[in-house]
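Some notes on the structure that comes next.
Reminder, nothing fancy here: chain letters follow the sequence lines and each chain counts from 1.
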Amino acid sequence: MSTTVETSSPLLEGLNPQQLEAVLYRGPALLIVAGAGSGKTSVLTRRIAGLLESREAWPSQILAITFTNKAASEMRDRVTRLVGRAAEGMWISTFHSACVRILRREAEQFGYSKNFTIYDSGDSRALIKRILKDLEADVLGFTVSTASAKISKLKNELTDVETYARQANFQDPNEVMFVEIFRRYSRALSSANAFDFDDLIAQTVYLFRAFPHVAALYQKRFRHILVDEYQDTNHAQYALIRELTKEPAELEPGLLAATEAASLTVVGDSDQSIYAFRGADIRNIVEFERDFAGAKVVLLEQNYRSTQNILTAANSVISNNFDRKDKKLWTADGDGEKIVGYTGYSGHDEAQFVADEIATLHEKGMAYHDIAVFYRTNSQTRALEEILIRSAVPYKIVGGTKFYERAEIKDAMAYLIAVANPADTLAVRRILNTPKRGIGPATETLLATYAEKQEITFRDSLRHAAELGLGPKVTAAITALSDLLDEATAVAARLPTAPGDGVPEVLSLLIAQSGYLDALRASRDPQDEARAENVEELVAVTKEFQRNNPEGALVDFLTEVSLVAAVDDLDDSSGTVSLMTLHTAKGLEFEAVFLTGVEEDLLPHRMSAGEPGGPAEERRLFYVGITRARKRLFLSLAMTRAQYGDVSVAMPSRYLQEIPAELIDWRQSPGMATSRGGTQPRALNARRDGYGGAYSVPNAPPKPKTEWANRVTNQVRDNGDLMLQAGDRIRHTDFGDGRVSGVTGEGPKRIAEVQFDTAGRKRLLIKVAPIEKIG
DNA sequence: ATCGCTCGGGTTTTT
DNA sequence: CCCGAGCGAT
């Protein structure tokens, strides 16, 4: 064994002994327990590159599964950098994308057609909503969210309706109703030639189990399967991996010797398991060694990302979870700076702290894209956004209300789906009266009933509008829509080869001829202008798609859109701060991280308190957040938090006490902020002088809104084109008086740098800052 | 059929 | 606070 030869390979350069072992080990099963920041992507990509370089595997024999499309393309890029074009032909994708690829190929085997639609959770909910209404299930206490959660959970456990019905307790009216809901939902999906997210995995497993010769195809093809983020796999995903790593059945006796099972490499860290709510089963990783006999386990503990202070904080937090294998991250790179803590009086005050610190970091040379702000719930973005806008900090929300969830985009997509998959009744119904064509619910029901009686699809019932005895206007409207869909179908049928007939052309035809775009443009609702722009943006997206996939057909575009994850549109080269939930942050890293809202009922979230394992999972979420930071970590919270219109008192998170006190430099600690008359926060200095505040007035009537007299308010104004120049004195609602030291930027983006008398130096977006010029 | 109003309910994380 | 459902007016 010549280790010298091996270690001299550029593929193995700079690896520590454990990493080296993880790259070089060969065998049926390998578990890499990779702590946060331990270089697992590097190990994974070099392992793949090694297999290719040594000719142990062809690219087409490798299947690598990642959690997001972004991670997939990153991995592909990195492998390409190591081995060049040999990287082409590998399957590197998410579970969902890989399954869609398989299902489209094999759909005809089991009663679907390859142009099936993928329903996102919004679509599923809409369908379930309709079913609940038809069944009047609300009287039994069913809601869309309870029903869809239960169905999703069952699918993730590979339990289909019939299996479930077999063991259901039919004495219980609730159970009877649920079976009916589940049954109707499943039927609606299959008659619409559609799969929901959970189906994509589950149906692939069913397919493999029902058709061994299909399974054998993939079992033989994939010789090396690698799965990232294994701690977040659910049962269905686990089952899929099991199917793929079985020995292929011998189907043609005597022709070929049986191929042995594919080799499996999984990478994960049970301390970063944060998707139990979605069915992720931590046992998949914990019991890996038992599941795959003879599995090798490699532990990566050395961290190459964060400072020791950050790692020590992370270690001590996570050590409070019992039932875990002890694992301690360490770095050889030194302690680094202390963690900075801040307690605001309100969410806005906290946001102001974030904005100020970002401005300071940026001044010292840190790029905006190296900074991220995390939060537990999406609703926390409101205050952050308001303050960041006012402070002229460029930011981008990663995820949140996504582009593809907007109503106008769903409308436009429904037009495309109606063309690609006419069986998809939900899509056809959605566009039936969008834009308004005078086709109301009565007409819709008539069409649906007709379709049922004639045993044709809803789409085809539109062709028979004339036979329904409707008014001439309505009949003409239905026929026009039907003809338009036919025309678009004809264009789409010429895809992908015909030049000038691409997805953009199909979409443009639909939104123009249907009058959808014109209706938005003609509307007097000012928001419709933005909606029209969004639809045009979608056309731009299709153009981009066609440029990248000249052969791409309509279904390919629809698939791509269905499977984008929140994090996928994170642009590393953008000059903006990234805002995202803690869940979205998994797998990412930043120079500086702001972890906001570290409060009881938020982190841990109050909804998790009841769930078994809830608080432990929330702790892992906190741990994930901490370990995203390379150099600087900021933890912040607020004493009061606005929710649903009113304000409630917030308490510091229990997790804060789990960090050794000496690691945190509290700019304002929870203790300081609660002791009245204690150290005053910067944002509060401005107008405190000679003014005791609400507390010092005996028997004062309760004035909750003014309890913190100088709290940062959430008011935003429009100053129009207020002219300011260096030297001007201004007054700010929150920060008091100050002097303008400079103005930069153009038009609505003009920014004033202001030296406040008491609140320090700040950058303000002139257009929206609550300021006025004073003598 | 459509518009605009009021009322009430729900509030975690997401491929 | 934000939404969708339901209802009455046009």
Side-chain angles (χ1 to χ4, degrees), chain A residues 65-72 93-100 118-122 124-126 129 133 138 143-146 148-149 152 155-156 195-202 229 232-234 236-237 273-280 374-380 382-383 398-402 404-405 407 432-433 435-444 470-471 473-474 477 523-525 559 562-568 580-587 597 601-611 614 617-618 620-622 624-625 641-648 714:
Chain A
I65 308 266
T66 58
F67 204 65
T68 62
N69 295 304
K70 181 176 194 286
S93 67
T94 62
F95 270 106
H96 291 85
S97 308
C99 287
V100 169
I118 301 163
Y119 280 11
D120 66 19
S121 21
S124 306
R125 292 176 68 94
K129 193 173 181 175
K133 207 168 178 178
D138 53 328
T143 64
V144 174
S145 63
T146 55
S148 68
S152 172
K155 288 191 177 186
N156 285 329
F195 294 114
D196 66 18
F197 275 147
D198 302 318
D199 282 338
L200 295 177
I201 317 290
E229 308 283 13
D232 283 321
T233 50
N234 61 31
Q237 292 165 332
S273 162
I274 56 173
Y275 282 102
F277 72 93
R278 210 169 71 191
F374 300 157
Y375 36 82
R376 178 64 177 81
T377 69
N378 282 304
S379 63
Q380 288 166 255
R382 211 175 300 267
V398 181
T401 329
K402 281 169 274 171
Y404 294 106
E405 282 167 16
L432 188 63
N433 197 31
K436 305 263 179 288
R437 312 185 161 88
I439 305 172
T443 310
E444 186 180 330
L470 294 158
K473 261 180 79 178
V474 178
S523 161
R524 55 192 179 80
D525 182 343
T559 303
S562 302
L563 299 179
V564 290
V567 71
D568 292 342
M580 67 190 84
T581 65
L582 284 163
H583 284 88
T584 302
K586 193 179 71 156
D601 288 348
L602 210 48
L603 189 67
H605 195 277
R606 97 164 73 80
M607 296 314 248
S608 73
E611 323 254 300
E617 175 144 322
E618 297 285 304
R620 289 195 290 270
L621 199 49
F622 187 48
V624 165
R641 179 103 14 214
Q643 49 183 356
Y644 321 122
D646 48 24
V647 180
S648 58
N714 59 2

Check: The side chain of Arg278(A) lies closest to which of these nucleotides: dA1(B), dT13(B), dT15(B)?
Finding: dT15(B)
Item checked: Distance test, side-chain N/O of Asn234(A) to OP1/OP2 of dT15(B), below 4.0 Å -> no
Checklist line | Side-chain donor or acceptor of Arg376(A) paired with backbone N/O of Pro604(A) under 3.5 Å | finding: no
Margin query: I want to verify a distance call: between dA1(B), dT13(B), dT15(B), whose nearest atom is closest to the Ala442(A) side chain?
Written below: dA1(B)
Note to self: Nearest whole Å is fine: how far is dT12(B) P from Asp601(A) CG?
What the structure shows: 13 Å
Check: Mind checking what makes salt bridge (Lys or Arg N to Asp or Glu O under 4.0 Å) contact with Asp120(A), not counting sequence neighbours?
Finding: Lys410(A)
Note to self: Between P on dT13(B) and CZ on Arg376(A), what's the gap in Å once rounded to a whole number?
What the structure shows: 7 Å
Note to self: Using OP1 and OP2 only, check whether a side-chain N or O of Asn378(A) sits under 4.0 Å from dT14(B).
What the structure shows: yes
Next item on the list: Report yes if at least one side-chain N or O of Ser145(A) is closer than 4.0 Å to OP1 or OP2 of dG10(B); otherwise report no.
Entry: no
Checklist line | Under-4.0 Å side-chain N/O to phosphate OP1/OP2 contact, Thr581(A) with dT14(B) | finding: yes
Checklist line | Along DNA chain B (nearest heavy atom to each residue), the more 5'-positioned of Pro441(A) and Glu617(A) | finding: Pro441(A)
Item checked: Shortest non-hydrogen contact from Gly597(A) toward Gln380(A) -> CA-NE2, 3.8 Å
Check: Looking only at heavy atoms, which two atoms of Asp198(A) and Ser152(A) are closest? And how far apart?
Finding: OD2-OG, 2.9 Å
Note to self: Would Phe277(A) count as stacking on dT12(B) if stacking means ring centres less than 5.5 angstrom apart and planes tilted under 30 degrees?
What the structure shows: no
Next item on the list: Mind calculating the distance between CG (Asp198(A)) and P (dT14(B)) to the nearest angstrom?
Entry: 16 Å
Notebook entry, point to check: Looking at the side chain of Thr94(A), which of dT14(B), dT15(B), dA5(C) is the nearest nucleotide?
Noted result: dT15(B)
Note to self: Looking at Ser121(A), I'd like to know whether one of its side-chain N or O atoms comes within less than 4.0 Å of OP1 or OP2 on dT15(B).
What the structure shows: no
Item checked: Check: Met580(A) main-chain N/O paired with Tyr375(A) side-chain donor or acceptor under 3.5 Å -> yes
Check: Within the structure, does a side-chain N or O atom of Arg382(A) lie under 4.0 Å from either OP1 or OP2 of dC2(C)?
Finding: yes
Next item on the list: For the side chain of His605(A), starting at C-beta, report the closest nucleotide among dT2(B), dT13(B), dT12(B).
Entry: dT12(B)
Check: Of Met607(A) and Thr443(A), whose closest DNA chain B nucleotide lies nearer the 5' terminus?
Finding: Thr443(A)
Margin query: Is Lys133(A) close enough to dA5(C) that one of its side-chain N or O atoms is under 4.0 Å from OP1 or OP2 there?
Written below: no
Notebook entry, point to check: Given atom CZ of Arg125(A) and atom P of dG10(B), what is their separation to the nearest angstrom?
Noted result: 12 Å
Checklist line | Closest nucleotide among dT2(B), dT15(B), dA1(B) to the Asn433(A) side chain | finding: dT2(B)
